[in-house]
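Just so it is clear, the model here is predicted, and its values are computed rather than measured. The figures that follow rest on heavy atoms only: side chains count, while hydrogens, waters and symmetry mates do not. Each chain gets a letter, A, B and so on, in the order the sequences are listed, and its residues count up from 1.
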Number of protein chains: 2
Amino acid sequence: MNRLKVPTESAPATSPGAEQVMFSLLGAAHALEDRLERALGQVGLSMSKLGVLTQLVEAREPLPLSELAARLSCVRSNMTQLVDRLEADGLVRRIDDASDRRSVLASVTRLGEERQAEGARQLAKVREGFTAALPPADRAALARALAALTP
Amino acid sequence: MNRLKVPTESAPATSPGAEQVMFSLLGAAHALEDRLERALGQVGLSMSKLGVLTQLVEAREPLPLSELAARLSCVRSNMTQLVDRLEADGLVRRIDDASDRRSVLASVTRLGEERQAEGARQLAKVREGFTAALPPADRAALARALAALTP
DNA sequence: TTGAGACGATTCATATGTGAACGATACGGT
DNA sequence: ACCGTATCGTTCACATATGAATCGTCTCAA
């Protein structure tokens, strides 16, 4: 699931190091995603799968695939395949929507709920490690900078 | 090429906001990658393709696929396919390595060099936008925090 | 009521990544 | 000189994403 390392540039001699901050951000996120996928892999999940399960658990009711796609910011065809795999794993079931025959609802199974809880624990562990690695003095500035960067 | 949005958590009431910093980082990187892929798409490239072309241009000589995979931190099978597509695009040629018959070298074409230059310009534009969006007061702290985060 | 257009899910083609298995080649120690 | 092992590229199966095209269903305006 990894992203390739970003192309290094032949440094244009402007403010020294400024060009590299963007790549540092990509690299840090990349490394973090690796850790998350590895941790979740230990309980048979991925970030994508955990995302779907978490939505369903939090909603406390079955949700249409369209709604899941919207909440997780992906296209519907992606959700079709993701739910295919979750169904094959026995973590989710498709049920017909009685009120709209176009719609298909995803319903989390008992096993899916258990797996979601395990995944959430793994995720929390990684998050703790992340927070621990963060220089406390820079935490606020990081949060501020990231907020400014996300439009 | 997008990553799904990260699962939101039912906030455990520890230090307020601290849990979310990790997700902010993933989100910011995600948005940034989107912008980069879109900018590169305008010249028919992707981050992965530009990465390969840039390595070849900077090396000023053909490189073995293994070497490219190592430099871009991906597995060799990925490089095989990436070079397949670059070759189909006419940006790269495979040539036999006379000194080691196991090895295959990737050689950037004239068109590939031109495309790399265009890609680098697109990348620089995005980077400028990135830097502009960054609160100057937080730049150093961001760089420091990201460095601490990348092991 | 009906028919045009919006909407929901799926399928297909494609891009990008991983990892295992394979065949060809290289190389070092005996 | 030969054999075991390492390395190289490829192929395959899979996971994850996008976007276009398709098919069924729904809804509203005329």
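- Heavy-atom distances to DNA chain C give each of B:Ala98 and B:Gln81 a nearest nucleotide, and the one nearer the 5′ end belongs to B:Gln81.
- Atom CG in A:Leu40 sits about 14 Å away from atom C1' in D:dT16, given to the nearest Å.
- For the pair A:Asp96 CG and D:dC26 P, the computed distance is 12 Å after rounding to whole Å.
- Separating the CZ atom of B:Arg76 from the C1' atom of C:dT18 is a distance of 13 Å, rounded to the nearest angstrom.
- With hydrogens and angles ignored, a donor-acceptor pair closer than 3.5 Å exists between the side chain of B:Ser77 and the base of C:dG19.
- Between B:Asn78 and the phosphate of C:dT18, there is a side-chain N or O to OP1/OP2 separation shorter than 4.0 Å.
- In this structure a side-chain-to-backbone donor-acceptor pair under 3.5 Å is missing from B:Gln116 to B:Val57.
- Residue side chain B:Arg102 does not reach the base of D:dG9 through any donor-acceptor N/O pair under 3.5 Å, judged by distance alone.
- Contact annotation for A:Asp97: no contact, since no heavy-atom pair falls under 4.0 Å across all strands.
- Across the protein-nucleic acid pair, B:His30 atom NE2 and D:dT16 atom P stand 14 Å apart, rounded to whole Å.
- Heavy atoms of A:Ser103 sit under 4.0 angstrom from primed sugar atoms or phosphate atoms, though from no base atom.
- With distances taken from any side-chain atom of A:Ser48 to the nucleotides C:dA9, D:dG9, D:dT16, the minimum falls on D:dT16.
- The interatomic distance linking B:Leu65 (CG) with D:dC8 (P) rounds to 11 Å, in whole Å.
- Rounded to whole angstrom, the span from the CZ atom of A:Arg38 across to the C1' atom of C:dG19 amounts to 13 Å.
- Position along DNA chain D of the nearest nucleotide to A:Asp100 versus A:Leu45 favours A:Leu45 as the more 5'-ward residue.
- Taking side-chain N and O atoms only, B:Arg101 has no distance below 4.0 Å to OP1 or OP2 of D:dC8.
- Formation of a donor-acceptor pair under 3.5 Å by the B:Glu87 side chain with backbone atoms of B:Arg94 is found in this model.
- The distance from atom CD of B:Glu33 to atom P of C:dT16 is 13 Å, rounded to the nearest whole Å.
- Using a 4.0 Å cut-off, some side-chain N or O of B:Arg94 falls inside it from OP1 or OP2 of D:dT10.
- Looking at B:Arg93, its side chain never comes within 3.5 Å of a backbone N or O of B:Thr109 through a donor-acceptor pair.
- Salt-bridge formation is detected for the pair B:Lys49/B:Asp89: a Lys NZ or Arg NE/NH1/NH2 atom is positioned less than 4.0 Å from an Asp or Glu carboxylate oxygen.
- Side-chain atoms of A:Asp96 do not come within 3.5 Å of backbone N or O of A:Ala98 as any donor-acceptor pair.
- Nearest to the side chain of B:Leu82, among C:dT16, C:dA9, D:dT10, sits C:dT16.
- For A:Glu87 and C:dA9, the CD to C1' distance is 13 Å, given to the nearest whole Å.
- The phosphate of D:dA17 (OP1 or OP2) has no side-chain N or O of A:Arg85 nearer than 4.0 angstrom.
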